[in-house]
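Working notes, beginning with the structure itself.
Worth saying up front: this structure is predicted, and the values here are computed from it rather than measured.
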Amino acid sequence: MNSAQVEGTARRAANSRTLERLTRLGLACRGVLYGLIGFLALQIAFGGGSGGKEADKTGAVETVAEQPFGTVLLWLMAVGFVALTLWQISEAILERGGEVKDRVEAGARAVVYGLVVVTLLGLLLRGDPGSSTDDSSKDLTAMAMDLPGGQILVGLVGLGVIALGGYWIHSGWKKKFLEDLRTGEMPPRARKLAERLGMAGYVARGVIAVAAGVFVVQAAITYDPDKARGVDSTLRALADTPVGPWLLGVVALGLVLFAAYCFLQARWHRL
């Protein structure tokens, strides 16, 4: 099979009606994940804890597992995130227009969704969702620092995460995310709701990314990988600011609103 045949097969798979439906399921599952992370963060901000769970993908998956029919829900989420991963891989390979930025973004999202699949399958098949984002961040930072020029590499990664957070904040404020929706087909109420939910959600995600990036830069400057933080520790750090738990509460609410946006996205996203 030559490269043209491979690409043709990939395009047919990417345009499959079944894959489209499963991808929309995946977008809804993404909403469930963000909603649970936001809920756990709200508990940390105002409830004095989160039931021993971390406010990240691991804690969210463990929360799903504890629900009635939790195993069924986890399998549905696994299928949905596999579809999201395949969709983003196809976007990275077959992106119309072929802009490098779009391909890189799609590839990065494929990696993120793939890691969620690993977490889900780990819990389903082994009863172990794997490391939290905090532990993973510290381990990866330590590994990177052991490389030649590792301290500079970690610093550049931290600056990249800060830049990503700034991009999300800008996208939310300027409503750039609407470009990915079929807004012309949306009822006026649904479009207005998507605008408000998306703005709040993207800004909240951006704030978390900027804060996480700052911790990575600090780890590079001090040559201390333990200063790198995952989602849970980054969220908890927001409660230690002069504003107190209210900042964490606002950001956590933003994540819950972004979850609601994901459900609208599942219906109206361009695929």
Side-chain angles (χ1 to χ4, degrees), residues 17-43 55-88 91 105-106 109-110 112-117 119-120 168-169 171-209 231 235 249-271:
R17 176 68 67 178
T18 300
L19 180 58
E20 177 182 337
R21 289 173 177 170
L22 292 177
T23 299
R24 295 193 184 281
L25 168 65
L27 290 170
C29 292
R30 182 172 175 244
V32 171
L33 204 66
Y34 270 104
L36 289 172
I37 293 172
F39 174 72
L40 292 171
L42 283 171
Q43 286 187 311
D56 60 8
K57 71 179 189 306
T58 303
V61 167
E62 289 174 341
T63 301
V64 173
E66 294 174 355
Q67 307 310 308
F69 307 104
T71 300
V72 175
L73 293 173
L74 289 175
W75 277 113
L76 284 174
M77 291 180 70
V79 170
F81 275 100
V82 166
L84 284 179
T85 304
L86 293 175
W87 170 48
Q88 289 304 304
E91 289 288 299
E105 287 180 0
R109 283 192 290 265
V112 171
Y113 296 149
L115 291 174
V116 176
V117 173
T119 299
L120 288 163
W168 280 341
I169 292 172
S171 296
W173 190 256
K174 295 295 185 179
K175 305 176 185 177
K176 294 286 187 181
F177 55 88
L178 291 176
E179 297 173 2
D180 295 327
L181 302 181
R182 303 195 312 273
T183 52
E185 302 174 22
M186 298 176 71
R189 277 187 170 182
R191 189 182 188 281
K192 193 67 175 179
L193 183 60
E195 284 184 15
R196 293 174 177 174
L197 294 174
M199 285 182 69
Y202 270 90
V203 170
R205 292 173 70 209
V207 169
I208 296 170
V231 176
L235 286 169
V250 169
V251 172
L253 179 59
L255 293 179
V256 173
L257 295 178
F258 185 75
Y261 168 78
C262 288
F263 293 117
L264 288 174
Q265 186 185 38
R267 172 66 178 85
W268 301 106
H269 200 285
R270 300 178 190 275
L271 296 178

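Judged as a salt bridge (charged side-chain N to carboxylate O under 4.0 Å, His left out), and not counting sequence neighbours, the contacts of Arg182 are Glu185. Residues satisfying the salt bridge (charged side-chain N to carboxylate O under 4.0 Å, His left out) criterion with Glu179, sequence neighbours excluded, are absent altogether. Annotation: salt bridge (charged side-chain N to carboxylate O under 4.0 Å, His left out) contacts of Arg191 (sequence neighbours excluded): Glu195.
In this structure, the separation between CD on Glu105 and CD on Glu91 is 11.0 Å, given to the nearest 0.5 Å. Distance OG1/Thr183 to CH2/Trp268: 10.5 Å, rounded to 0.5 Å. Remark: Thr119 OG1 to Lys57 NZ distance equals 4.0 Å, nearest 0.5 Å. With rounding to the nearest 0.5 angstrom, the CD1 atom of Ile169 is 12.0 Å from the CE atom of Met199. In this structure, OG1 in Thr58 is found 10.0 Å from CG in Leu120, a value given to the nearest 0.5 Å. The CZ atom of Arg21 lies 12.0 Å from the OG1 atom of Thr23; values are rounded to the nearest 0.5 Å.
Annotation: Arg270, atom CZ; neighbour count of heavy atoms from other residues, nucleotides and ligands within 6.0 Å is above 12. Within 6.0 Å of CZ in Phe39 there are 12 or fewer heavy atoms belonging to other residues, nucleotides or ligands.
The two residues Leu235 and Ala41 make their nearest non-hydrogen contact at CD1-CB, 4.0 Å. Taking both residues in full, the closest heavy atoms of Leu40 and Gly59 are given as CD1-C, 3.8 Å, listed atom of the first, atom of the second, then distance. In this structure, Tyr202 and Phe177 approach most closely via the heavy-atom pair CE1-CB, 3.5 Å. Taking each heavy atom of Gly249 and Leu42 in turn, the nearest pair found is O-CD2, 3.6 Å.
Applying the side-chain hydrogen bond (donor to acceptor under 3.5 Å, both in side chains) rule to pairs touching residues 72-85 yields nothing, sequence neighbours excluded.
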Under 3.5 Å, which donor-acceptor pairs link side chains of residues 64-73 to any protein atom two or more places apart or in another chain?
{"unit_1": "Glu66", "atom_1": "OE1", "unit_2": "Lys53", "atom_2": "NZ", "d": "3.1"}
{"unit_1": "Glu66", "atom_1": "OE2", "unit_2": "Lys53", "atom_2": "NZ", "d": "2.9"}
{"unit_1": "Gln67", "atom_1": "NE2", "unit_2": "Thr63", "atom_2": "O", "d": "2.8"}

May I have the list of side-chain donor-acceptor pairs in residues 25-38 shorter than 3.5 Å, sequence neighbours left out?
{"unit_1": "Arg30", "atom_1": "NE", "unit_2": "Tyr113", "atom_2": "OH", "d": "3.4"}
{"unit_1": "Arg30", "atom_1": "NH1", "unit_2": "Gln265", "atom_2": "OE1", "d": "3.0"}
{"unit_1": "Tyr34", "atom_1": "OH", "unit_2": "Arg205", "atom_2": "NE", "d": "3.1"}
{"unit_1": "Tyr34", "atom_1": "OH", "unit_2": "Arg205", "atom_2": "NH2", "d": "3.4"}

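Contact check for Ile208 versus Leu255: side-chain heavy atoms found under the 4.5 Å cut-off.
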